[in-house]
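Naming convention: chains lettered A, B, ... in sequence-line order (proteins, then strands); numbering from 1 in each chain.
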Number of protein chains: 2
Amino acid sequence: MRHLCMPEGLSADDTAKLEGVICSTRPILRGEALFRAGDVFESLFAIRSGSLKTVVSHEGGREQVTGLYLSGDALGLDGIGENTHICDAIALEDSSVCLIPYALFERVCRETGAIQRRLHQMMSREIVRETSQMMTLGTLRADERVARLLLDLSARFTRRGYAAAEFTLRLTRDEMGSYLGITLETVSRTLSRFQKLGLIDARGKLIRIRDFDGLRGI
Amino acid sequence: MRHLCMPEGLSADDTAKLEGVICSTRPILRGEALFRAGDVFESLFAIRSGSLKTVVSHEGGREQVTGLYLSGDALGLDGIGENTHICDAIALEDSSVCLIPYALFERVCRETGAIQRRLHQMMSREIVRETSQMMTLGTLRADERVARLLLDLSARFTRRGYAAAEFTLRLTRDEMGSYLGITLETVSRTLSRFQKLGLIDARGKLIRIRDFDGLRGI
DNA sequence: CGAAAAATTGACCCGATTCAATTCAAGTGG
DNA sequence: CCACTTGAATTGAATCGGGTCAATTTTTCG
């Protein structure tokens, strides 16, 4: 959490300013939307606890999971450009988010270089994350995509102080597939194969990675 | 061009400030790199004339075109987060770019709300563009991807004052395929099919769209 | 003009989707 | 607390879209 709300590199004074921007926190129940495509953009959000997915819906019923956000991640940056959100943000479990009114945040950014830099960093990193996801969708085979998702999540959980090798995946097979651009059946088959190869231990949503290098080598 | 360098909604004073940030312009020959993955990030770039692609290279030789930038577009936002570029930016034709030293730009943003807003807009729109590309790569069939690329380029050329129905595509079939996550052969076959269906007229790199609604309906 | 790169087209093949049938897990209410 | 319902996950069989390999043709550019 502190990554975002109290980033290192800020003076005590700056930190106080940043805390002043966080107006309130909001709980969201599993399955609820924090915002929806078309909603007017007013605030950024920082996840205090829990996890959310972002989903884009196409005309014609097709939809895709475009992002996966854990505690400390920032959400809502898509809305800045046109003052409107372009995706739904849905809680994957009961979660809690900080609310950061954008108009206020913008003003504080102008006052404090360190905070400004933090916002720009957040946005740029989101761009980099999406570029990486485009690589995944554009060039990898199905099993490579699944392996990459598991390793990515493991790394992100680790950075948050959780175990690297064991975590609860809050996504259904369907959501995983949607995120990776493959079908839920392919996800399921791939996980089964990984299990048979001794790379992972998957009992439902609980995933245990047994062979990191093996996964990386897929 | 003016979209970026002299956005409407800025006062004469703000415009002057913005012009002060644009230190110099730089020509790039077709095939040359404006920056490369790993380069230290120092400046943003705005395209004055021409067009560039961004390319990400994977370990193992695989690479993907992740972006396509025309005159007026901003380039280099990926570097802000970690002070390092993550992709190569390569000129698709002889082009010219404005150089915007980031340290200077950051300072001006702090002084002027309107300019700050413009930067945030640029970054947010890049996020939205990438999200849209993720949709393309994750959910569309090959022919839908090609149709979407043609329509997208047509719209972008139109906004720049060029003809909507006819434009020169600076990408090779290989680059198109890489951008769309399909092979060059599939691109070629799809374009031939579109031609046979009377949707387009493609003579090499010169594309003429004959039936917009038909393309949209693919 | 001629070499090299790009594009087209065909034939074959394979990975992933689709369709379908169970099995498993998770809530819910009697 | 357990049967019941419902959504999620697994697995198999058949199909197909797009990839791969290869042979020509066309275009580009030094």
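Distance CG (B:Asp174) to P (D:dT20): 12 Å, rounded to an integer number of Å. B:Arg145 places its CZ atom 14 Å from the P atom of D:dG17, with the value rounded to the nearest Å. Computed from coordinates, the A:Leu184 CG to D:dT10 C1' distance equals 10 Å when rounded to whole Å. Between B:Ile218 atom CD1 and D:dG17 atom C1' there is a gap of 15 Å when expressed in whole angstrom units. Atom CD in A:Glu185 sits roughly 17 Å away from atom P in D:dA14 (whole-Å rounding). To the nearest angstrom, P of C:dA7 lies 18 Å from CZ of B:Arg193. Taking atom CG on B:Leu137 and atom C1' on D:dG18, their separation rounds to 15 Å, with Å as the unit. The nearest whole Å value for the distance from the CG atom in A:Leu140 to the C1' atom in C:dA16 is 15 Å.
Of the side-chain N and O atoms in B:Ser192, one or more sit less than 4.0 angstrom from OP1 or OP2 of C:dT9. For the pair B:Arg173 and C:dT8, the criterion of a side-chain N or O lying under 4.0 Å from OP1 or OP2 is met. The side chain of A:Arg189 contributes no N or O atom lying less than 4.0 Å from OP1 or OP2 of D:dT10. Between C:dA7 and B:Lys205, a contact under 4.0 Å exists linking OP1 or OP2 to a side-chain N or O.
Put simply, the side chain of A:Leu140 does not reach to within 4.5 Å of the side chain of A:Leu180, judged on heavy atoms.
Within the 4.0 angstrom heavy-atom criterion, only backbone atoms of the sugar-phosphate kind lie near A:Ile182; the bases stay farther away. Counting any heavy atom pair closer than 4.0 Å across all strands shown, B:Arg203 reaches no nucleic acid atom.
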Task: side chain to side chain contact (heavy atoms under 4.5 Å, CB included) assessment of A:Leu68 paired with A:Leu153 - done: CA-CA 9 Å; A:Leu68 197 49; A:Leu153 281 168; 4.0 Å; yes
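Distance from the side chain of B:Thr183 is smallest for D:dG19 among the nucleotides D:dA22, D:dT10, D:dG19.
You'll find the ring centres of A:Tyr162 and A:Phe167 outside the 6.0 Å limit.
Salt bridge B:Glu175/B:Arg170: absent, no basic N to carboxylate O contact under 4.0 Å.
Where A:Arg141 and B:Arg30 each meet DNA chain C at their nearest nucleotide, the meeting point lying more 5' is that of B:Arg30.
The aromatic rings of A:Phe35 and A:His85 sit parallel to each other, their planes meeting at less than 30°, with 60° as the upper class boundary.
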